[in-house]
Each structure stands twice: as C-alpha cells, then as structure tokens.
**Student:** 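Sharing a structure below in structure tokens format, with a few things to ask.
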Amino acid sequence: MAQEVSEPDLSTQAGRERFLAEASDWEMISGSGQTMDVGPQMRGAVAVFKNGVIVVASGQRHRPQVNAISVRARHFGIARIKMLDAEKDFIEELYKAFGSTKPKTNWRALDLERQKTLSRIIHEAAEMRASDIHMRVLEDYTEIKIRVNGRMMEIGQEPSQDGQEMIRAAFAVAQGQGASGTDSTFQQGAMFANSGLLPENVEMLRLQYTPTSEMRGALVMRLKYVSKSYETDVDSLGYSLQQATDLRNMRLKTNGMYIFAGKVSSGKTTTLQRCLNAMFLDKRKEISIYAAEDPKELELLGAIQAQINAGTNAVTAFRDAMKAALRSDPNVIVLGEIRSEELTSMAIEAAKTGHALWSTVHAGSALGILNRLINLGAEREDLKDPRTVGGLIYQRLLGVICQHCRTPLSEALDNEAIDADLAERFARLTGRDMSQLYVLGRGCDKCFKGLTGRTVVAETIRPDARLLEMYMDESRVKAEQYWLTPNEEGGMGGAPVMHHALIKAGAGICDIDEVQGEVDLLETYERELSQLVPRLRRDIDALLAG
Ligand SMILES: [Zn+2]
C-alpha cells in the first residue's frame with residue numbers, strides 16, 4: 001500500500017530536509033539497472049519511490065518521458081502515485097542518497113510469485129473449460145470470475161494490490177504490447193505456451209486490460225484451447241437434420257457467398273472451420289483455399305492463411321489481402337468479416353466470378369444478413385441472384401442441461417424457481433405436461449452447475465430466386481413469410497432460430513429461461529409464429545425419439 005505523505009514544499013530548504021527525513025526508509029526503484037530502468041539523461045528529471053512518490057524536475061511533469069515513467073510505475077503495481085516538483089540538483093542528490101542501495105523488492109521474485117497464482121487460476125479455469133477469466137481489481141479486493149458455458153461465476157478473491165501485480169506479471173510474460181509501452185490506457189497481449197503458465201490443453205490466452213478508476217484496472221483473458229486438429233464433424237454441433245443438410249449442400253458449391261451471423265461466442269468460428277476442413281477432404285484436397293482474417297482464428301487444412309496486421313487500418317489491410325487472394329487462383333476465399341463497403345463489393349465480385357466466399361457479418365438473423373449487405377453498399381440486383389447469395393446462417397449457443405440433475409418444470413414451478421407465466425406458456429406451446437418438461441438443475445457430480453456443455457441453435461437458408469426477389473423488391477415481411485411457409489404449401493419450409501431453441505427446450509436439452517433470455521421471447525413466437533406450433537410439437541417428438 002502507498003504510504004501517506006504530507007506534501008513538503010521541495011523548493012525550500014526546510015521542505016527538502018523534511019522530505020529526506022521522512023524518506024529515510026523509502027526504497028527508490030528508478031535508476032540504471034533498477035526495476036524502473038531510468039537512463040543517465042533522465043536522472044536529473046525524475047526519481048521514483050516504491051511507495052508511489054515520484055519527484056519530478058520543475059516544469060517537466062508533462063514531458064512524454066516523465067509521463068511514460070509514471071505509466072510504467074502503475075504497471076509495476078504501484079497503485080497510488082504522488083508527484084512532487086523539485087529542482088534538478090535535488091533530484092540528483094536523491095540518486096546519490098538512495099540510488100546505490102540494493103533494491104529491497106525483488107520484482108522478478110515477486111513476479112514469479114504472482115505468476116504462480118495466475119497459473120493456478122488459469123489451470124483451474126481450463127479444467128472447467130472456461131472461455132474467459134475476468135480479473136477486476138476493486139478497492140478492497142480483486143474479484144476473479146470465469147465464464148463457463150456462457151455463464152459467469154466467481155472462483156475466488158485476491159487482495160487488491162496482488163491483483164494489480166498479477167496483471168503486471170501477466171503482461172511481463174505476454175507478447176504484444178508490453179508493460180513498457182507508453183499507452184497508459186488499454187493494453188492487449190497474448191500469452192503462449194512459452195510463458196510456462198498455460199496448461200497443456202490451452203494454446204493461447206488473449207489479454208485485454210482496461211484501466212478503471214483510481215489506477216486500478218480489469219483484465220479479461222480469453223482462453224483458446226488446443227483444437228483437436230482439423231476436425232470436420234459439423235453435424236454433431238447441434239444443427240437440425242435440415243440445417244445439417246443445408247450446410248452440406250453449401251459445402252459442395254464452388255461459387256457464391258456463404259455468410260454466417262451471430263454474436264461473439266456463437267460458435268460460428270468452430271462451424272466455419274469444420275465446414276471448410278470437411279470441404280477440403282470431401283473434394284479430395286483438390287481445391288485451394290485462401291483465408292484472410294484478423295486475428296487468425298481458423299485452423300484450416302491446406303489453406304493459404306494471409307497474415308493481416310490490420311492495426312488501425314483494417315480496411316486497407318483487408319483490401320490488399322483480398323486483391324492478393326483473387327490473384328492467387330483460389331477456389332474458396334475465407335474472409336474473417338465483411339465490414340466495409342469496399343470489402344462487400346470485392347466479396348460479391350469474387351462470388352460472381354467463380355469463387356466460393358465464406359465470411360461473417362454482424363446481423364441478428366439469417367435474412368438480416370441481406371439487409372446488412374445492403375447497408376454495406378451491396379447492389380440489390382447482385383443480391384437477387386441465388387448463385388451469388390448461396391447460403392445464410394444465423395446461430396447462437398445455448399447451455400446443455402445435465403440429464404442427471406435437471407428439474408421437472410412442475411417442481412421448479414412449485415419452488416418458484418421459474419416464472420409462472422413463462423412455465424405455462426412453455427407447456428402450452430409444446431403441448432406437454434409440466435412433469436415432462438425440464439429446467440436447469442442445481443448441479444451434481446456429473447455436471448458443472450447443472451450444465452454439461454453447449455449446443456448450437458440456428459437458422460439456415462439456401463435462398464432461391466423468389467425469396468431474394470421478394471426481399472429486394474417487395475418486403476422483408478413477405479420474404480420471411482415465404483421462407484416460413486411449408487414446402488407443400490409452396491413455401492421454403494424454413495424455421496427461425498427460436499423454433500430450433502424451443503425444440504431443444506421442449507426435449508429437455510436446453511433451459512427455457514436461457515432460451516427466453518438469449519434467443520427471443522416466447523410471447524413473440526406465440527404471437528407471430530403460431531402456424532409453426534404443430535410442427536414444433538412434431539419436431540420435439542422426433543428429437544426425443546432420437
Ligand atoms: Zn448434473
């Protein structure tokens with residue numbers, strides 16, 4: 001903890017003497033070869049003490065070098081900084097008085113200590129297959145939470161100061177922008193196996209540091225697990241039979257755009273990766289795949305994966321990569337995300353000229369992908385051609401509830417563990433008795449807090465000309481109706497993601513509360529999609545029958 005110091009006026013002899021008396025047992029951490037390596041040219045400008053007192057030469061506070069030093073001090077875990085002005089001579093005197101003393105704090109040893117704790121936390125998180133670790137330094141303690149199967153839970157606390165030091169220690173072994181950077185605000189980095197802190201099943205940890213108030217901050221670490229290399233199984237991710245067939249048909253095509261939408265952690269990277277690897281093997285490795293993403297996330301068989309250092313100029317970097325792709329004779333182009341007008345037109349051009357283009361956009365539904373492309377400057381005429389718009393996929397991930405400890409809906413209702421209105425609506429829609437429906441249980445030795453994994457819920461569309469023309473020329477509502485109308489009544493027989501989610505809730509695989517929270521409201525389904533209810537009941541029975 002920073003030691004309280006009254007503020008002496010260092011421009012007076014009395015003030016300097018008082019300071020020296022007070023500081024007699026302080027530790028100076030700046031100097032050549034010290035914790036804060038300050039070269040000779042800065043020795044008349046700034047002196048840093050471990051308790052957070054920084055003495056700066058008058059008028060030099062705002063020099064970038066001085067600023068950089070105070071930022072570094074913060075990264076070293078010094079929570080409270082107090083700046084004092086003094087004359088150059090006095091600062092040089094401080095170096096003579098304190099500078100020769102051996103550092104009392106062994107930062108390397110301290111780092112090792114903190115890294116041990118950090119490693120323990122990472123191992124614990126990986127054991128539970130957490131996707132993220134959140135470390136938030138608060139005034140009184142450091143809160144440590146992990147996200148497992150989409151849900152946050154606290155796994156422990158550390159002292160406040162230790163948290164800030166752990167964050168420093170994490171960046172000390174991370175690659176990327178290190179602790180010596182002058183960027184006082186946000187920091188990013190990545191930790192790999194060579195840090196010695198990761199368990200075997202974790203390939204990489206992506207770090208994002210956000211400074212909060214009062215020199216404290218929050219670190220979020222995203223775990224990237226070692227993927228069982230080059231998996232090709234798409235079907236087992238949770239798609240319905242129809243959706244799996246759609247995806248298989250999309251993989252067979254050698255032209256057109258195949259576009260995924262979904263939030264962060266919607267499983268689209270996994271699906272994209274498996275689809276492309278399956279395609280590569282199905283086509284007996286006789287196709288060439290060119291991928292451009294930032295950061296690189298996909299593990300692709302036989303692909304040229306362009307290294308993109310987008311930095312601040314993502315648009316230019318991706319344009320260059322796309323140009324290179326088109327000159328590299330690819331059959332399939334994978335673009336991390338379509339996010340600018342220029343990329344949109346390049347993507348459409350590629351799709352129209354005999355390439356299959358797989359990518360993602362930000363959209364809230366499969367049909368919404370079309371709207372997003374229009375907003376990104378796509379020509380409506382181009383989007384009317386099903387040879388150009390080959391496939392639209394929207395998906396989410398929902399927790400899989402443990403079959404051993406799940407709770408019957410009737411029991412959850414008695415215990416007031418579920419909203420009565422929601423329970424009734426759920427039973428009514430599915431046409432099942434409350435004793436045959438289930439919600440998340442309390443957890444047992446076969447699961448983690450009632451969950452055993454995650455499963456995809458999705459909507460997939462392989463558009464035909466009529467759908468695209470309706471969407472572009474008439475109205476989105478009409479197009480959606482056409483998509484949802486059963487085949488035998490002249491429609492496309494499609495089903496929205498809410499339908500898929502309700503099938504899984506009805507079959508006791510997903511929790512209705514999560515469906516309602518994550519996908520959509522049951523009210524909406526009941527009001528707007530009531531024509532799908534008989535089909536919902538059949539689909540639940542079919543899923544239960546296996
Ligand atoms: Zn269980």
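Atoms within each ligand, like the ligands themselves, are counted from 1 in listed order. Note that the coordinates shown come from a computational prediction; the quantities given were computed from them, not determined experimentally.
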**Student:** Short of 2.8 Å from the Zn ion (ligand 1), name each protein N/O/S atom, waters not counted.
**Tutor:** C402 SG, C405 SG, C444 SG, C447 SG

**Student:** Donor-acceptor pair, E459 side chain versus V497 backbone, under 3.5 Å?
**Tutor:** yes

**Student:** Tell me every residue that passes salt bridge (charged side-chain N to carboxylate O under 4.0 Å, His left out) with R206, counting only those two or more places apart in sequence or in another chain.
**Tutor:** none

**Student:** Check whether more than 12 heavy atoms from other residues, nucleotides or ligands sit under 6.0 Å from atom NE2 of H123, and answer yes or no.
**Tutor:** yes

**Student:** Does the distance from a Lys or Arg side-chain N to an Asp or Glu carboxylate O, for E158 and R136, drop under 4.0 Å?
**Tutor:** no

**Student:** Between CZ of F260 and CD1 of I393, what distance do you get to the nearest 0.5 Å?
**Tutor:** 4.0 Å

**Student:** Quick one, E231 with R274, criterion salt bridge (Lys or Arg N to Asp or Glu O under 4.0 Å). Give me CA distance, side-chain angles, the key distance, then yes/no.
**Tutor:** CA-CA 6 Å; E231 278 191 83; R274 292 192 185 184; 3.3 Å; yes

